[in-house]
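Inspection log for the structure reproduced underneath, given as structure tokens.
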Amino acid sequence: MESFPTIISVDDHTVEPPDVWRDRLPAKFRDTGPRIVRAPIKEMTFVGGRFAPTMGAPGDAGPVADWWVYEVLHRPLTRLDTAVGYSRDDIGLEGITYEEMRPGSFSVPERLADMDANHVQSALCFPTFPRFCGQTFTEAADRELALLCIRAYNDWMTEEWCGPAARGRLIPLGIVPLWDAELAAREVRRNAARGVRAVCFSEIPPYLGLPSVHTDAWDPFLRACDETGTVVAMHIGSSSHMPSTSEDAPPAVSSALTFANCCFSMTDWLMSGAFTRFPDLRLMYAEGQIGWIPYILERADTVWENNRKWGGVGDKVLDPPSELFARHIHGCFFDDAFGLRNLDAIGVGNVLYETDYPHCDSTWPRSREVAEEQMGHLAPDVVERIVRGNAIDLLGLTPDGLWAGAAARG
């Protein structure tokens, strides 16, 4: 293409700097809140969809990594967290230190430079240590500290990561205390008051031991999202359960099936009745790709048409699922030529683009080239909507594609 619109990526990631919680928690929690410890890796595996690291003691043999330590959790930084700039053949399951990762992973100036190199104007970034919906804190024993950690993360995300140095190019994404829907609603409203228009949520909450979306347990949280225009953002893996087929399946199986939880999750939401109760609710599926969506919609419509009475949805799902999808749900992709060839069956207005920086699947620094290769058959106005226009509308950005909250704060 002679010209290509600058990209707004709705799924990138931040690797939190070591001081996020140390600098923001009350003094009594600074030695028990999340903190970085440099230590050897005794063992680390990723089999059957499960990541299992073991931290060694000081002086033990083994490669050294920086570990997040919080209550009983020991979680190393890994090359998979920040793989851009490395050959795909050199990316393995290994621990790393901050010095061994690309600075754009955790530093705003370097992130903006890497975005410039990738034809990206603005980016929405998911967490790393809190995990994709903040479930690290939901699993914690000390709920007082966990709530403070969530608020500290959201303060850092809004005031520093997306602060003045970002010039509106980084878009805030909050996390909430998933163990209490009322507390979650308060945090949504607290963040919305300062311009945050997206919040993380789990693709399949029961996998985290939480209520399903078929109950009314989440209504306070969903009502807050509905009333504030806050998008519910669900990333693959936000259920702490990556799809796999057996306990001994290699990671490649899970990697090929990353979209599968999105299929289950979207069907849950379409059959939940939530969109009847909350008509302005919006969802997005990060890194789920889009090629699977047309058949799920076709099948869901057939089930709704033929089986809704005995299927338990006749009194709460009042419109065909495909119509609900068109009004409420967005699929996000970074590499899906098949989905783009079937765009008419998905809907131009329901598709968002992403780059997945700095993960191993990221198209950085070739996101523009990948988009041009896969979107060459599309009209320019359609390309514009996919790579930036839909994100501007969904996330309430300025017409120039910047975070409106940053503009409001001057």
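- At distances below 3.5 Å, not a single donor-acceptor pair connects side-chain atoms of Asp226 with backbone N or O atoms of Leu222.
- Panel note: side chain Arg169, backbone Gln121; a donor-acceptor pair is recorded below 3.5 Å.
- When atom types are taken as modelled, the side chain of Thr230 and the backbone of Cys225 share no donor-acceptor pair closer than 3.5 angstrom.
- Trp21 and Phe29 have their aromatic ring centers separated by at least 6.0 angstrom.
- For the side-chain contact (heavy atoms from CB on, under 4.5 Å) criterion with Ile290, the lone passing option out of Ile346, Asn342, Asn350 is Ile346.
- One finds the CG atom of Asp11 at 9.5 Å from the OG atom of Ser362 (value rounded to the nearest 0.5 Å).
- The pair Arg194-Asp155 meets the salt-bridge criterion, since a charged nitrogen lies less than 4.0 angstrom from a carboxylate oxygen.
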request  = Decide yes or no on side chain to side chain contact (heavy atoms under 4.5 Å, CB included) for Leu397 and Ile171, but give the supporting numbers first.
outcome  = CA-CA 9 Å; Leu397 306 180; Ile171 307 162; 3.9 Å; yes
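- Put simply, the side chain of Asp66 gets close to the backbone of Tyr98: a donor and an acceptor are under 3.5 Å apart.
- Within the model, atoms CH2 of Trp67 and CE of Met55 stand 6.5 Å from one another, a figure rounded to the nearest 0.5 Å.
- Not less than 6.0 angstrom separates the ring centroid of Trp179 from the ring centroid of Phe137.
- Contact check on Arg186 versus Glu182 returns no salt bridge, with no Lys/Arg side-chain nitrogen under 4.0 Å from an Asp/Glu carboxylate oxygen.
- Between Ser239 and Ser202, the shortest heavy-atom distance links the atoms CA-OG, 3.6 Å.
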Please set out all donor-acceptor pairs under 3.5 angstrom arising from side-chain atoms of residues 326-333, sequence neighbours excluded.
| unit_1 | atom_1 | unit_2 | atom_2 | d |
| --- | --- | --- | --- | --- |
| Arg327 | NH2 | Asp319 | OD2 | 3.1 |
| His328 | ND1 | Leu281 | O | 2.7 |
| His330 | NE2 | Gly349 | O | 3.1 |

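- Annotation: cation-pi geometry satisfied between Arg79 and Tyr86 (NZ/CZ under 6.0 angstrom from ring centroid, within 45° of ring axis).
- The line from CG of Leu173 to CZ of Phe132 is 11.0 Å long, rounded to the nearest 0.5 Å.
- No donor-acceptor pair under 3.5 Å is formed between the side chain of Thr82 and the backbone N or O of Thr78.
- Ion pairing between Glu144 and Lys28 holds under the 4.0 Å rule for side-chain N and carboxylate O.
- Between Glu287 atom CD and Ser238 atom OG the span is 11.0 Å, to the nearest 0.5 Å.
- Between Arg366 and Glu372 no salt bridge is recorded (no basic side-chain N to carboxylate O distance below 4.0 Å).
- In this structure, NE2 in His13 is found 9.5 Å from CG in Asp81, a value given to the nearest 0.5 Å.
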